[in-house]
Amino acid sequence: MDASTTHYENAHFLRELAERLPSISLQQHKPEQVQLLQRLADEELEQARYDEWVREKVAAARADKRPGMTTEQLRSMLHQRYEALRNAV
């Protein structure tokens, strides 16, 4: 079970709890409690979406078959770009 699955399960549980809270606790139920549970569920869903987005980005980076660059090649390219921008000013 990955983290995003857990977040989705938590969100589902929190939403169900928020919906059932009025019938579970008739005397002590407060609307703020339902709002809090809904907000927590929203945060769990957002975290699950973020986790999926990160996983997609990592998978895409790993699947990228373009040739890599050495650190020296990258430094050289960035230095050339820096010089071009500095000379343009």
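For Glu16, the side chain to side chain donor-acceptor pair (under 3.5 Å) partners two or more places apart in sequence, or in a different chain, are His12. Taking the salt bridge (charged side-chain N to carboxylate O under 4.0 Å, His left out) definition, one finds that Arg62 meets it with nothing, sequence neighbours left out.
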Could you pull out all donor-acceptor pairs under 3.5 Å where a side-chain atom in residues 42-49 meets a protein atom, sequence neighbours excluded?
from, atom 1, to, atom 2, distance (Å)
Asp42, OD1, Arg15, NH1, 3.3
Asp42, OD1, Arg15, NH2, 2.3
Glu44, OE1, His7, ND1, 2.7
Glu44, OE1, Asn10, ND2, 3.4
Gln47, NE2, Asp51, OD1, 2.9

For residues 72-89, run the donor-acceptor check on the side chains, cut-off 3.5 Å, and write out each pair with its distance to 0.1 Å, sequence neighbours left out.
from, atom 1, to, atom 2, distance (Å)
Gln73, OE1, Thr70, N, 2.8
Gln73, OE1, Thr70, OG1, 3.4
Glu83, OE1, Arg86, NH2, 3.2
Asn87, ND2, Glu83, O, 3.2

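At a threshold of 4.5 Å between side-chain heavy atoms, the hydrophobic network of Ile, Leu, Val, Met, Phe, Trp and Tyr places Leu36 and Phe13 in one connected group.
The distance from the CG atom of Leu37 to the CG atom of Leu17 is 5.0 Å, given to the nearest 0.5 Å.
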